[in-house]
Amino acid sequence: MDSPAFQPIQGMSDLAAPEIFLWQRLEAAAREVMRLWAFTEVRTPALEYTHLFTRSLGDTTDVVQKEMYTFEDRGGRSLTLRPEGTAGVIRHVSGLGAEGEGARLYYIGPMFRSERPQAGRKRQFHQLGVEAFGAPNPAADAEVIALQLQLFAAWGLQGYTLDLNTRGVPEDRAAVTHGLQEAARPHLGALCEDCRRRFETNSLRLLDCKKESCQQLVAGLPPTTQFMGEASRKYLDDVLRLLGQLGINAKVNPRLVRGLDYYVHTVWEIRHGALGAQDALAGGGRYQVALGDKTFQGVGFAIGLERAIMAVQKDNPPLAAAAPQTVAWLVALGDAAREANLQLAKQLRCAGLACGMELGARSMKAQMRAANKSGARWVIIRGENELTAGTAALKNLADGAQQDVPLAELAARLKA
RNA sequence: GUGGAUGUAGCUCAGUUUGGCAGAGCACCAGGUUGUGGCCCUGGCUGUCGCGGGUUCAAAUCCCGUCAUCCACCCCA
């Protein structure tokens with residue numbers, strides 16, 4: 001293989017044909033859904049000042065502590081390749097002033113996390129995300145969740161599950177932590193090593209330990225909503241009620257935990273069976289982020305596109321297999337015909353017909369083979385005879401039928 | 001960051017146990033047909049055996065290191 005210097009960086013890879021066709025199709029379908037739901041695209045820089053992420057994500061989170069690509073620029077300022085999209089969008093909205101209130105934005109682009117790669121996990125990966133700004137309002141949460149499910153419908157996804165939970169309001173947090181710790185304390189000895197550490201550092205994390213022994217203990221703990229105020233419980237109930245009116249049957253998973261500090265109220269996660277151990281296809285939630293002297297509130301989600309691609313390949317194979325095709329392939333015999341075909345191909349392309357042709361002087365057999373491989377429906381053959389007559393031999397590759405067609409009629413015949 | 005598996009032609013992989021000429025299928029190219037694809041037949045091209053070092057008369061094969069990929073942990077999308 002190549003020497004190391006010419007390999008991509010670990011966990012980063014090229015996206016090319018044929019998978020790129022599926023990427024393009026998913027993105028095109030998503031943009032159309034976004035238009036219908038009245039969200040507009042924003043493209044923020046991949047590189048931001050480090051403190052944007054430490055401040056918004058919370059500097060005790062794993063993402064900030066262990067996974068960021070951080071380095072200094074020539075002026076000694078600390079920069080970070082964005083590990084997620086929300087912080088940059090909030091920074092963007094913060095610059096809009098009053099115009100940014102109620103902004104409805106989406107983004108598609110690469111994110112960077114320095115984790116050990118595995119199935120469904122790259123160091124450069126891609127997310128499609130949505131952010132709807134505004135004060136907490138269950139209708140906004142329900143609308144954004146409905147939008148997300150609409151995207152999955154547009155992609156033909158079926159094999160996913162939606163889990164919903166609430167983080168409550170920031171004022172609930174101390175009570176939740178305290179309540180969980182008191183409830184778990186009698187079982188400390190039976191918990192796994194990781195969970196005994198989590199008990200101190202991040203007790204919410206006890207809830208989603210993968211070990212079965214821990215899960216059984218956790219199942220006996222009271223739901224976190226029990227430690228929250230009445231307003232937080234009502235907010236969750238309202239979101240569920242509105243989702244029901246939209247025909248969405250969400251189930252509350254009291255053990256669902258989201259990793260980032262900025263979440264308040266509704267959080268949710270979508271998992272898919274085709275994804276291996278990293279089965280989270282998407283995550284979302286309502287957030288509250290203080291930037292400067294202003295607090296930004298909104299609700300949004302992010303979909304992992306590499307994982308969405310895997311899921312579509314499983315749930316919707318026809319969409320995953322489809323490739324763009326040329327309409328016609330031009331075959332030339334002799335230099336004069338080849339030059340004439342270059343002009344003809346330009347005319348047909350300007351008329352909206354996708355054409356391919358061989359630019360070198362290859363045998364007719366080789367050109368026909370290339371035509372066949374291209375998947376074109378038609379072959380346009382021209383040699384001395386056709387040049388003199390002002391015609392082209394038009395052959396249908398499916399049934400082999402062939403006839404001479406005047407050049408003036410060619411485009412119309414190809415469109416038929 | 002931790003653990004396991006794997007790296008041989010463009011692709012999928014044999015060959016490694018027991019050191020002895022670098023292999024197959026697919027793909028690609030050409031011919032079989034002086035202007036006709038697919039199917040078929042014939043022929044042909046393709047290699048830093050991931051990289052670096054060591055052992056040996058001799059290394060794809062054994063040893064050490066390193067890089068990468070895959071899978072899992074952790075964590076997340």
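These numbers come from the heavy atoms of this one structure, side chains and all, not from hydrogens, waters or symmetry mates.
- B:U66 and B:G50 make up a base pair, with Watson-Crick or G-U wobble contacts both under 3.5 Å.
- For A:Ser363, taking side-chain heavy atoms from C-beta onward, the closest of the listed nucleotides B:U36, B:C71, B:G31 is B:G31.
- Within the 4.0 angstrom heavy-atom criterion, no nucleotide atom of any strand lies near A:Ala371.
- Nearest nucleotide to the A:Gln10 side chain, out of B:C70, B:U36, B:A68: B:A68.
- Base contact: A:Glu386 has a heavy atom under 4.0 Å from a base atom.
- Proximity note for A:Arg369 (side chain, C-beta onward) versus B:G37, B:A77, B:C70: the nearest is B:G37.
- Note on A:Ala398: a base of the nucleic acid sits closer than 4.0 angstrom, heavy atoms only.
- The phosphate of B:C70 has neither OP1 nor OP2 within less than 4.0 Å of any side-chain N or O from A:Arg121.
- Between the CG atom of A:Asp62 and the P atom of B:A77 there is a distance of 11 Å, given to the nearest Å.
- Rounded to the nearest Å, the gap between the C1' atom of B:G15 and that of B:G20 is 14 Å.
- When both distances must be under 3.5 Å, the Watson-Crick or G-U wobble mate of B:A30 is B:U42.
- Between A:Gln127 atom CD and B:A77 atom C1' the separation is 5 Å, expressed in whole Å.
- Using bins of under 30°, 30° to 60° and over 60° for the plane-to-plane angle, the ring pair A:Phe152/A:Trp155 lands in the tilted bin.
- Partner assigned to B:G25 is B:C11, using Watson-Crick or G-U wobble distances below 3.5 angstrom.
- Rounded to an integer number of Å, the gap from CD of A:Glu131 to P of B:A77 is 12 Å.
- Checking B:G35, B:G37, B:A72 against every side-chain atom of A:Ala277, the shortest atom distance belongs to B:A72.
- Toward the 5' end of RNA chain B, the nearer of the two residues A:Gly276 and A:Gly284, judged by each one's closest nucleotide, is A:Gly276.
- The residue among A:Lys373 and A:Arg113 whose nearest nucleotide of RNA chain B lies closer to the 5′ end is A:Lys373.
- The side chain of A:Arg362 sits closest to B:C29 out of B:G35, B:G3, B:C29.
- Between the side chain of A:Gln278 and the base of B:C73 there is no donor-acceptor pair of N/O atoms closer than 3.5 Å.
- For the pair A:Arg198 and B:C75, the criterion of a side-chain N or O lying under 4.0 Å from OP1 or OP2 is met.
- In the set B:C71, B:C74, B:A30, the nucleotide with an atom closest to the side chain of A:Lys66 is B:C74.
- Judged by atom type and distance alone, A:Lys365 reaches the base of B:G32 through a side-chain donor-acceptor pair under 3.5 Å.
- The A:Ile381 side chain lies nearest to B:U36 when the options are B:A77, B:C75, B:U36.
- If you check every strand for non-hydrogen atoms under 4.0 Å, A:Gly11 touches sugar and phosphate atoms only.
- Comparing atom distances between the A:Asn372 side chain and each of B:G38, B:A72, B:A77 picks out B:G38 as nearest.
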